[in-house]
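Notes for the one structure printed next.
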Amino acid sequence: MKSVATLAREKAEARKAAEAEAASQAAEKARGRKKARPAPAVLADMEPPAPRAGRRQPSPAARRKHFLIAASAGRVLAASGVDLQAMGDNDNGANQRERESAAAKVMLQLQEDQRRLKDIQSIEKKIALKAELLPGYAGWIDGMIKAGKASASPLDQVFTALMAWRIDTGDFEGAMPMIEHALLNDLAMPDRFKRETPAFVVEQVSEAAIRAYEAGEDAARAFPAAVLPAIEDLIDLVDADIHDEITAKLHRALGMAILAGAREDDADDLTARQGQALRCYQRALQLDEKVGVKKPISQLQSALKKAGALPENSPETQSASEQDGEGA
């Protein structure tokens with residue numbers, strides 16, 4: 001049995017603990033007036049909240065779309081440097097709506113910008129406007145990349161639409177982080193695009209490279225050749241299933257890029273590049289006989305034979321027509 005002194009001491013300690021707890025709660029309440037409480041995480045696999053009574057009820061699909069935007073908002077804003085703890089969620093949900101609104105604004109802005117583009121007939125002027133508008137999305141794009149992949153969201157297609165803009169404007173180096181993010185995380189293109197993301201990226205960049213190298217001079221020197229092997233590596237990494245005709249364009253572009261970097265005053269460098277380009281062209285021809293490399297193959301074979309760099313009976317000595325027969 002506890003002594004009277006022990007009971008008195010325990011009672012005093014309990015009273016002090018209660019007073020300390022009350023002081024702590026009062027301080028927390030006072031701080032709460034200046035700074036909202038941390039917001040609970042929004043989970044993408046939760047069901048969308050039911051609409052309030054008395055308002056026109058949106059369709060289930062519309063509710064789900066809105067909810068997914070909100071689910072992505074937290075991770076994107078956090079990656080962009082927004083203090084979600086400071087934003088918090090209060091009793092009336094004002095800050096939660098603020099987070100949702102921040103993500104929704106990106107989609108609304110894109111829709112508005114797309115309407116502006118639709119009113120323009122000139123392709124050249126469309127591209128100029130895209131280049132003008134893209135810096136306004138730069139922070140959001142960086143946030144998406146830093147946030148990594150979460151659940152599927154309508155914002156994914158906003159991201160790939162902006163990626164397409166960067167490719168359209170010729171900013172291939174600037175597009176590469178977006179391309180990598182999109183391919184590694186299997187982001188879909190917007191519904192209006194006929195090709196899947198890997199095919200779109202490969203074909204658009206390869207065709208731009210081919211145009212640049214065919215133009216020669218300044219256009220060829222300006223094209224960032226390093227993006228081509230980088231894209232080839234990404235396509236291999238994700239094991240993308242792409243039409244052979246599209247992959248053939250990438251190999252043609254690679255061959256052209258290799259040759260474009262040759263130094264005419266360095267015979268060894270030129271010969272080495274001719275051999276590498278020949279292999280790229282031959283691979284392109286295996287994939288698509290109409291890819292446009294038959295003449296370059298013949299020219300490279302002649303140059304390499306003259307330099308003594310093409311052994312007899314090697315696969316590289318086969319004519320374009322002979323390779324066509326093997327691929328048929």
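Throughout, residue positions are numbered sequentially from 1 according to the sequence presented.
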Looking at [atom1] of [X] and [atom2] of [Y], how far apart are the two atoms once the value is rounded to the nearest 0.5 Å?
{"X": "Leu133", "Y": "Leu117", "atom1": "CG", "atom2": "CG", "result": "6.5 Å"}
{"X": "Gln299", "Y": "Lys294", "atom1": "CD", "atom2": "NZ", "result": "14.5 Å"}
{"X": "Leu285", "Y": "Cys280", "atom1": "CG", "atom2": "SG", "result": "13.0 Å"}
{"X": "Gln157", "Y": "Leu187", "atom1": "CD", "atom2": "CG", "result": "9.5 Å"}
{"X": "Ser206", "Y": "Leu254", "atom1": "OG", "atom2": "CG", "result": "7.0 Å"}
{"X": "Asp186", "Y": "Thr197", "atom1": "CG", "atom2": "OG1", "result": "7.5 Å"}

Is there a side-chain contact between [X] and [Y] in this structure, where contact means two heavy atoms from C-beta onward sitting under 4.5 Å apart?
{"X": "Val158", "Y": "Leu162", "value": "yes"}
{"X": "Val202", "Y": "Thr247", "value": "no"}
{"X": "Leu259", "Y": "Leu300", "value": "yes"}
{"X": "Ile120", "Y": "Arg116", "value": "no"}
{"X": "Gln282", "Y": "Gln301", "value": "yes"}
{"X": "Met163", "Y": "Met189", "value": "yes"}
{"X": "Asp142", "Y": "Tyr137", "value": "no"}
{"X": "Trp140", "Y": "Leu155", "value": "yes"}

Quick one: list whatever passes side chain to side chain donor-acceptor pair (under 3.5 Å) with [X], sequence neighbours left out.
{"X": "Asp266", "answer": "Arg263"}
{"X": "Gln204", "answer": "Arg195"}
{"X": "Arg273", "answer": "Asp269"}
{"X": "Lys130", "answer": "Asp168"}

Test side chain to side chain contact (heavy atoms under 4.5 Å, CB included) on Leu129 and Lys125 and set out the steps.
CA-CA 6 Å; Leu129 180 57; Lys125 289 182 178 179; over 6 Å; no
Is it the case that the side chains of Gln286 and Arg283 hold a donor-acceptor pair, with the cut-off being a distance below 3.5 Å and no angle test?
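Yes, Gln286 and Arg283 have a side-chain donor paired with an acceptor closer than 3.5 Å.
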After noting the C-alpha distance and the side-chain angles of Glu245 and Leu287, does the key distance pass the side chain to side chain contact (heavy atoms under 4.5 Å, CB included) rule?
CA-CA 6 Å; Glu245 293 83 358; Leu287 293 167; over 6 Å; no
Taking salt bridge (Lys or Arg N to Asp or Glu O under 4.0 Å) as the test, write out the residues that go with [X], two or more places apart.
{"X": "Glu124", "result": "none"}
{"X": "Asp218", "result": "Arg221"}
{"X": "Asp244", "result": "none"}

Looking only at heavy atoms, which two atoms of [X] and [Y] are closest? And how far apart?
{"X": "Ala240", "Y": "Pro198", "result": "CB-CB, 3.6 Å"}
{"X": "Ile297", "Y": "Tyr281", "result": "CG1-CB, 3.6 Å"}
{"X": "Leu234", "Y": "Ile179", "result": "CD1-CG2, 4.2 Å"}
{"X": "Ala131", "Y": "Thr169", "result": "N-CG2, 3.7 Å"}
{"X": "Arg166", "Y": "Gly174", "result": "NH1-O, 3.2 Å"}
{"X": "Pro190", "Y": "Ala161", "result": "CG-CB, 3.8 Å"}

Could you walk me through whether Ile242 and Glu203 pass side chain to side chain contact (heavy atoms under 4.5 Å, CB included), step by step?
CA-CA 10 Å; Ile242 302 174; Glu203 190 161 31; over 6 Å; no
Got a sec, which pairs hit ring pair (Phe, Tyr, Trp, His ring centres under 6.0 Å) with one end in residues 226-278, sequence neighbours left out?
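Every candidate ring pair (Phe, Tyr, Trp, His ring centres under 6.0 Å) pair involving residues 226-278 fails, so no pair, neighbours aside, qualifies.
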Do any pairs count as a ring pair (Phe, Tyr, Trp, His ring centres under 6.0 Å) and have a residue in residues 170-189, sequence neighbours left out, and if so which ones?
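Qualifying pairs, neighbours excluded: Phe159-His181, Phe172-Phe223.
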Tell me if a side-chain donor or acceptor on Thr160 pairs with a main-chain N or O of Ala188 at a distance below 3.5 Å.
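Between the backbone of Ala188 and the side chain of Thr160 there is a qualifying donor-acceptor contact (under 3.5 Å).
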Inspect the surroundings of [atom1] in [X] and state if more than 12 heavy atoms from other residues, nucleotides or ligands are less than 6.0 Å away.
{"X": "Gln121", "atom1": "CD", "result": "no"}
{"X": "Asp236", "atom1": "CG", "result": "yes"}
{"X": "Asp119", "atom1": "CG", "result": "yes"}
{"X": "Glu173", "atom1": "CD", "result": "no"}

Among all residues two or more places apart in sequence or in another chain, which pass the ring-ring contact (aromatic ring centres under 6.0 Å, His included) test with Phe200?
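ring-ring contact (aromatic ring centres under 6.0 Å, His included) check on Phe200 returns Phe193.
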Each residue besides Ile258 in its hydrophobic cluster should be listed here, by chain and number; the cluster joins Ile, Leu, Val, Met, Phe, Trp and Tyr at side-chain heavy-atom distances under 4.5 Å.
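For Ile258, no cluster forms, as it stays isolated from other hydrophobic side chains.
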Tell me which donor-acceptor pairs under 3.5 Å the side chains of residues 207-214 have, and how far apart each pair is, sequence neighbours excluded?
from, atom 1, to, atom 2, distance (Å)
Glu207, OE2, Lys249, NZ, 2.6
Glu214, OE2, Arg252, NH2, 2.8

Hydrophobic cluster identity match, Ile127 and Val205, side-chain contacts under 4.5 Å:
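Cluster IDs for Ile127 and Val205 differ.
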Leu304 with Leu270, same ILVMFWY side-chain cluster at under 4.5 Å
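Shared cluster, no.
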Show, in sequence, the C-alpha distance, side-chain angles and deciding distance for Leu228 and Glu232, and conclude whether the side chain to side chain contact (heavy atoms under 4.5 Å, CB included) test is met.
CA-CA 6 Å; Leu228 296 169; Glu232 182 185 29; over 6 Å; no
